[in-house]
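Here the structure comes first, spelled out in structure tokens, and everything after it is commentary.
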Amino acid sequence: MYGPGMATDEDTARCQRGDARENRERILTAAGHAFAEDGLSVSLIEIARRAGVGNATLHRNFTKEQLLDELYADWFARRQAVAEQALADPDPWHGLASFLEDVVTDGTRNRAVGPLFAIRSEWRDRFRCLIKALLTRAQDSGAARRDLAPEDITLCLLGVARTMAITGESSPDQWRRHLTILLDGMKSQHPDRLPGLALSPDQLDLDLCQWSSQVLRNSST
């Protein structure tokens, strides 16, 4: 018999579900900030501390791999929204350039983006589709050079990301200079063909897998 003001079993269960959802959100928020600030080397113990939850609560909800999956899904959803706006831009070159600037600008606030991108081939495939659609549109308009491939852009973006890591403290805006150099080199106004051939998607996947394995080994030491 429940009296006035007494919680029912249903009320208790609803409260527990609400607490569980709140804990998950706090963990995801804390993990996002921790990975962005400290990279992939941040520990689950540190994430639990930042979230204000116990280690057992974190482990009941996520493994480190699951946290990375969740964070990448959120990152990609935001990039996809920007890509859709860029594809609707009446100026195909401006759409491509604005998308790449968004990717790099986000990278200035998130140290985990580069390694996250390199870890999973399916993630790269989805991101490659966004770049390919924007690049093809710019090429068809005559604004971007025809011998450029999505794999070229991917590697160049990772190069700009390394610029951030090297110069971030002494010259935090240095990446803008290098992004401008990248964009200028992508324009169709350059008469000479690029030397060599672009990497195939499979070769780029292999190279990035090897690189990301090294990154993960270093982050765990």
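What you see below is based on every heavy atom in this structure, not just the backbone, and it leaves out hydrogens, waters and symmetry mates.
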Check your understanding: Do K187 and W93 come close enough that some side-chain heavy atom pair is under 4.5 Å?
Key -> yes

Check your understanding: So does R124 pair up with E151, basic N to acidic O under 4.0 Å?
Key -> no

Exercise for review: Establish, yes or no, whether the cationic atom of R126 lies under 6.0 Å from the six-membered ring centre of F76 and within 45° of the ring axis.
Suggested key: yes

Check your understanding: Between the main-chain N or O of G52 and the side-chain N or O of R26, is there a donor-acceptor pair closer than 3.5 Å?
Key -> yes

Check your understanding: Taking NZ, NE, NH1 and NH2 as the nitrogens, is one of them in R78 or D106 under 4.0 Å from a carboxylate oxygen of the other?
Key -> yes

Exercise for review: Answer yes or no: is there an ion pair linking R21 with E25, defined by an N-O contact shorter than 4.0 Å?
Suggested key: no

Check your understanding: Taking side chain as C-beta onward, heavy atoms only, is T63 less than 4.5 Å from L67?
Key -> no

Check your understanding: Would you say the side chain of D173 lies within less than 4.5 Å of the side chain of R176, judging by non-hydrogen atoms?
Key -> yes

Review point. Do L148 and R145 have side chains that get closer than 4.5 Å, going by heavy atoms?
Key: yes

Review point. Does the side chain of L100 reach to within under 4.5 Å of the side chain of M186, using non-hydrogen atoms?
Key: yes

Review point. Do T167 side-chain atoms and T163 backbone N/O form a donor-acceptor pair below 3.5 Å?
Key: yes

Exercise for review: Examine R177 relative to W175 and say whether NZ or CZ is less than 6.0 Å from the centre of the six-membered ring and inside a 45° cone about the ring axis.
Suggested key: no

Exercise for review: Go through the steps to decide whether Q203 and D207 satisfy the test side-chain hydrogen bond (donor to acceptor under 3.5 Å, both in side chains), and finish with yes or no.
Suggested key: CA-CA 6 Å; Q203 184 60 55; D207 291 343; 2.9 Å; yes

Point to revise | Flag side-chain contact, heavy atom, 4.5 Å: L96 against D89 | key: no

Exercise for review: Nearest 0.5 Å please: distance from the CG atom of N55 over to the CZ atom of R60.
Suggested key: 11.0 Å

Study note, to complete from the structure: All heavy atoms of D147 vs all of R193, minimum pair found to be OD2-CA, 3.3 Å

